[in-house]
Amino acid sequence: MAGFVGAQHEFHDDEFVRNWASRFVPTEPRLQLFDLILAEVEKLGKPDAHVVELGTGPGYMARHILERHAGIGFEALDFSDVFMNVARETIGDLCHRVTFTKADLMDQNWPQKLSKQPDAIISTWALHDLGGQEPVADVYARCHEALPTGGLLANGDFIKPDGTDWEYEPGRFPIDKHLEILRQAGFKDPRSLAHLEPNIVDPTAAQNYACLVAIK
Ligand SMILES: C[S@@+](CC[C@H](N)C(=O)[O-])C[C@H]1O[C@@H](n2cnc3c(N)ncnc32)[C@H](O)[C@@H]1O
């Protein structure tokens, strides 16, 4: 059996966004991804790290991290006002620790909109939505420019698993290609920490995501 893996989104439509947020309340494997990313942030050894999340969406990872670390300052970047409103609701009483930054990751000047230099840039389930390898490579390059030496990039995103016969939308591509473009952007020793919810036989659009990490 073979087919196509991909998804259509309407990130600026209130009904679509609220449905998406309620369909994708984090499951156990997704919480595992959040914890893998949080552990990498902790390894920086900076209790007051400034963490920027690209494509924050409903704010699930933001809330997860803020609840566990009182010192972390968080910057939630998204281009959708609707998703940002949902994130404000999710983050609730912890919003005073969050800077909400509206920016489009397809605009190469997005790093200039950040409130301060990040110690870590993190993301889940977002960069594949930029539509291909080239825009993801551009984001990796901008992240490398924005981070200090020793800064962390952690991207937990959908990939095309090795050995599949299925066709994947262009934003979902193999882990090895991610590692190659991270190296090209200047990151040292990029790695994949995990391939979560693997399924090459009959995958859904919410399976097969990796935790990719790299240090500047
Ligand atoms: C599928 S949702 C994932 C949300 C969240 N990261 C999560 O894992 O639950 C993708 C998010 O990326 C945002 N996004 C997509 N394209 C973007 C772009 N060009 N610039 C900024 N944000 C973008 C969307 O608005 C949405 O919030």
Side-chain angles (χ1 to χ4, degrees), residues 5-38 40-41 51-67 74-91 98-115 118 120-143 146 153-159 168-172 194 196-197 204-213:
V5 179
Q8 293 291 324
H9 296 299
E10 291 169 50
F11 291 131
H12 305 283
D13 179 84
D14 192 73
E15 195 185 341
F16 173 89
V17 164
R18 288 188 182 274
N19 276 340
W20 194 95
S22 51
R23 270 175 59 215
F24 293 108
V25 172
T27 54
E28 209 40 57
R30 213 142 140 254
L31 292 171
Q32 194 188 331
L33 174 64
F34 296 171
D35 283 334
L36 280 170
I37 291 175
L38 177 55
E40 293 302 303
V41 173
V51 176
V52 171
E53 183 182 6
L54 306 180
T56 301
Y60 296 133
M61 181 163 67
R63 172 106 209 164
H64 187 85
I65 290 179
L66 287 161
E67 276 175 346
F74 208 91
E75 186 156 357
L77 181 150
D78 210 293
F79 74 163
S80 160
D81 289 323
V82 195
F83 258 125
M84 240 185 239
N85 288 339
V86 179
R88 282 193 182 89
E89 291 165 21
T90 305
I91 298 166
V98 180
T99 304
F100 291 90
T101 299
K102 185 174 178 184
D104 185 343
L105 292 167
M106 298 296 277
D107 171 356
Q108 300 310 308
N109 293 319
W110 65 261
Q112 289 162 30
K113 297 205 169 154
L114 298 179
S115 65
I121 302 179
I122 65 177
S123 187
T124 64
W125 284 16
L127 300 187
H128 70 284
D129 284 322
L130 302 180
Q133 292 180 24
E134 217 175 287
V136 174
D138 284 342
V139 169
Y140 287 165
R142 299 296 80 74
C143 289
L153 172 61
N155 179 26
D157 202 8
F158 293 115
I159 49 95
Y168 278 65
E169 63 180 348
R172 302 178 190 228
L196 293 147
E197 300 196 61
T204 71
Q207 293 175 319
N208 293 303
Y209 45 104
C211 183
L212 303 150
V213 296

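Each ligand, and each atom within it, is numbered from 1 in the order the structure gives.
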>> Within a 6.0 Å radius of atom CD on Glu67, are there more than 12 heavy atoms belonging to other residues, nucleotides or ligands?
In response: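 Result for CD/Glu67: enclosed.
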>> Angle between ring planes, His9 versus Phe16, binned at 30° and 60°: parallel, tilted or perpendicular?
In response: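 Perpendicular.
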> Would you say the ring centroid of Phe24 lies under 6.0 angstrom from that of Trp125?
Replying inline: yes
> Is there a ring-ring contact (aromatic ring centres under 6.0 Å, His included) between Phe83 and His12 once you walk through the steps?
Replying inline: CA-CA 8 Å; Phe83 258 125; His12 305 283; 9.0 Å; no
> With the threshold set at 4.0 Å, does a side-chain nitrogen-carboxylate oxygen contact exist between Glu89 and Arg18?
Replying inline: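 A salt bridge is present here (some side-chain N lies under 4.0 Å from a carboxylate O).
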> Going by an N to O cut-off under 4.0 Å, is there a salt bridge joining Lys102 and Asp81?
Replying inline: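 A salt bridge links Lys102 with Asp81.
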> For ligand 1, what are the residues with a heavy-atom contact below 4.0 Å?
Replying inline: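 Within 4.0 Å of ligand 1, the protein residues are Phe11, Trp20, Arg30, Glu53, Gly55, Thr56, Gly57, Pro58, Asp78, Phe79, Ser80, Phe83, Ala103, Asp104, Leu105, Met106, Thr124, Trp125, Ala126, Asp129, Leu130.
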